[in-house]
Amino acid sequence: MHADSTASATAGLSRRSMLAKAAAVAGTAATLSASAASGAQAAEAGPGATAATATGPSAADRITEQPDRTGGHARATVFTNVRPYGAQHPVDLTVVDGLVTAGPAPRGAKVVDCGGRIALPTLVDAHIHPDKTAWGEPWVTRNPASTIAEYTAEDVKLYHALRTPLKKRAERLMGHAVAQGTRAMRAHVDVAPAYDLVGVEGVGSARRALRHALDVEIVAFPQHGVVRTPGTKELLEEAARTGAIDRVGGIDPIGFDEALDEQLDIVFGIADRHGVGVDIHLHERAATGVESLRAIIARTKALSLQGKVTVSHVFCVPGLPERELDRLAAELADAGISLTTVAPSSDLVLPIDRLREHGVEVGLGSDGVRDSWSPFGNADMLHRSHLLAWVRDARLDEELEAAFRAGADGGARLLGLPEADLKPGSPADFLLVRGECLPQVVVDLPQREMVVRGGRIVARDGELAGH
């Protein structure tokens with residue numbers, strides 16, 4: 001892995017310094033046009049099951065559920081006594097075949113009394129590494145490391161030290177993410193001769209096991225470098241050729257691989273040949289990072305890959321002078337390139353609002369979770385929205401709500417998913433929490449008491465349903 005030849009540009013970096021302590025930080029009402037269930041259904045559901053008889057958050061202390069008696073017809077559930085986005089007055093949320101509807105539910109629909117809890121859309125993790133995790137394992141004592149090459153060597157040591165198979169660890173973490181309110185994720189999985197394609201296969205297995213509750217994109221991520229580690233490009237090619245991945249990745253083509261054109265030619269060539277997308281880690285800063293970013297823009301346009309390329313972290317963008325930021329954002333938007341941030345610190349978090357003004361989509365992600373790089377992380381996207389608000393020094397309600405929207409809507413746009421806005425026609429993907437309003441939920445991070453995916457309850461009280 002050429003650990004001794006790490007470029008000086010990466011010297012002194014660690015997850016704690018590179019991502020600037022994000023993981024260490026502790027952690028509106030809207031009108032819903034979905035109609036209430038019919039009077040006959042309300043009578044069948046029993047007292048307290050309709051919005052008309054609810055008196056607010058204290059109307060019920062438990063979430064109660066009555067069985068589905070639709071006789072195998074449309075799958076329908078009425079979630080009664082719900083406060084979407086913290087609305088003052090509870091309503092009924094009618095779901096038919098996985099979608100919120102404004103019409104009446106079929107006769108005999110299942111009824112779930114939600115006790116006046118707040119309903120919020122479930123979130124999307126646009127950048128996570130579930131293959132590396134030691135989540136749920138005995139405590140891991142980490143060794144000193146200061147360069148990317150040294151961290152990748154520690155990755156290999158941890159991989160061999162953990163007794164639980166990778167696919168089980170990945171599924172455990174991904175299931176935990178679901179139980180905390182994540183409906184989709186983009187999973188970056190290490191591909192290198194040290195692992196072969198074990199990570200891709202393991203996360204693929206976890207994706208299949210959780211397909212009822214979670215959408216997953218898999219990125220073949222060359223953490224050890226594309227060029228500097230012989231055999232990596234062949235593994236990336238194989239992963240794409242077999243259809244095991246959705247995107248091919250890259251990493252710091254100048255600062256780490258020291259081969260800007262060669263790395264990008266390999267990565268974009270694989271994407272072009274096999275019809276997969278691209279997602280490149282770019283930690284490079286200042287002029288070096290901008291040079292790499294413009295090379296990515298040029299290849300994206302040359303190969304007509306607009307809308308299929310993401311650049312993650314992009315530490316060269318924060319801190320740019322306004323005129324240069326606007327010019328670069330316009331170039332990114334023209335190339336259809338999206339970005340992701342993990343909200344590492346006030347000086348490294350992407351200027352999401354300014355980028356979106358130019359048409360650049362920005363997703364929010366967890367990054368690593370209790371891996372060799374850091375003991376921190378929890379795969380909880382509501383907490384990550386909290387961290388985003390923290391590092392942006394959010395104070396106003398609209399600022400706190402914007403942080404939530406970055407976690408819920410930004411990632412959905414990146415993954416090409418419909419926004420789960422709780423309006424008729426949207427996917428019935430939401431979580432239930434106790435609270436006063438959305439800004440207070442972002443700050444206080446209450447327990448996720450229920451998580452619903454496509455109208456089905458997939459988790460309760462922090463645990464997968466049926467597990």
Side-chain angles (χ1 to χ4, degrees), residues 1-15 17-19 127 129 132 144-157 188-196 219-240 247-272 278-300 302-303 305 309-320 328 337 339-340 344 348 367-368 372-373:
M1 294 183 294
H2 309 291
D4 295 333
S5 62
T6 304
S8 59
T10 63
L13 295 179
S14 66
R15 171 85 48 83
S17 59
M18 187 188 304
L19 303 185
H127 187 106
H129 296 263
K132 296 174 181 282
S146 60
T147 66
I148 291 178
E150 290 172 355
Y151 277 105
T152 59
E154 291 301 312
D155 283 339
V156 175
K157 292 178 185 176
H188 293 259
V189 181
D190 278 15
V191 169
Y195 314 109
D196 199 71
V219 183
F221 173 45
Q223 175 77 82
H224 296 184
V226 177
V227 176
R228 66 185 284 129
T229 305
T232 299
K233 67 178 181 179
E234 290 81 8
L235 289 171
L236 294 174
E237 185 89 42
E238 181 182 354
R247 291 177 179 260
V248 60
I251 181 171
D252 296 347
I254 298 175
F256 184 59
D257 236 359
E258 299 181 330
L260 173 64
D261 291 329
E262 187 177 359
Q263 182 193 123
L264 295 184
D265 286 347
I266 291 169
V267 170
F268 278 85
I270 291 171
D272 186 44
V278 174
D279 193 324
I280 296 177
H281 282 57
L282 192 63
H283 310 101
E284 298 165 350
R285 305 195 194 186
T288 300
V290 172
E291 181 182 356
S292 290
L293 192 53
R294 286 212 159 95
I296 292 169
I297 292 171
R299 282 167 174 78
T300 300
L303 293 173
L305 291 175
V309 176
T310 300
V311 187
S312 295
H313 301 308
V314 214
F315 291 158
C316 60
V317 168
L320 284 175
L328 187 58
I337 294 174
L339 309 179
T340 63
L348 291 179
D367 208 16
S372 70
W373 291 63

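No hydrogens, no waters, no symmetry mates; every other heavy atom, side chains included, goes into these values.
Panel note: side chain Q223, backbone D190; no donor-acceptor pair is recorded below 3.5 Å. Using a distance-only test at 3.5 Å, with no hydrogens or angles considered, a donor-acceptor pair links the side chain of Q263 to the main chain of I251. Using a distance-only test at 3.5 Å, with no hydrogens or angles considered, a donor-acceptor pair links the side chain of R228 to the main chain of F256.
Nearest heavy-atom pair, D279 versus R247, reported as atom, atom and distance to 0.1 Å: CB-CD, 4.3 Å. Looking at every heavy atom in both residues, G249 comes nearest to V267 through O-CG2, 3.3 Å. Taking every heavy atom of both residues into account, L282 and G289 meet most closely at CD2-O, 3.7 Å. In plain terms, the two heavy atoms of A220 and P222 that are nearest each other are O-CD, 3.5 Å. Contact detail for P193 and L235: the closest heavy-atom pair is N-CD1, 3.6 Å.
With sequence neighbours excluded, the residues satisfying side chain to side chain contact (heavy atoms under 4.5 Å, CB included) with E237 are I270, R273, H274. Residues forming a salt bridge (Lys or Arg N to Asp or Glu O under 4.0 Å) with E238 (at least two apart in sequence, or on another chain): none. With sequence neighbours excluded, no residue forms a salt bridge (Lys or Arg N to Asp or Glu O under 4.0 Å) with D257. Legend: residues meeting side chain to side chain contact (heavy atoms under 4.5 Å, CB included) with A286, ordered by chain and number and at least two apart, are absent. A192 meets the side chain to side chain contact (heavy atoms under 4.5 Å, CB included) test with Y195, H224; sequence neighbours excluded. Scored by the side chain to side chain donor-acceptor pair (under 3.5 Å) test, D265 finds R299 as partners (sequence neighbours excluded).
Using cut-offs of 30° and 60° on the angle between ring planes, the pair H313 and H281 is perpendicular. Between H129 and H188, the two ring planes are tilted [angle within 30° to 60°].
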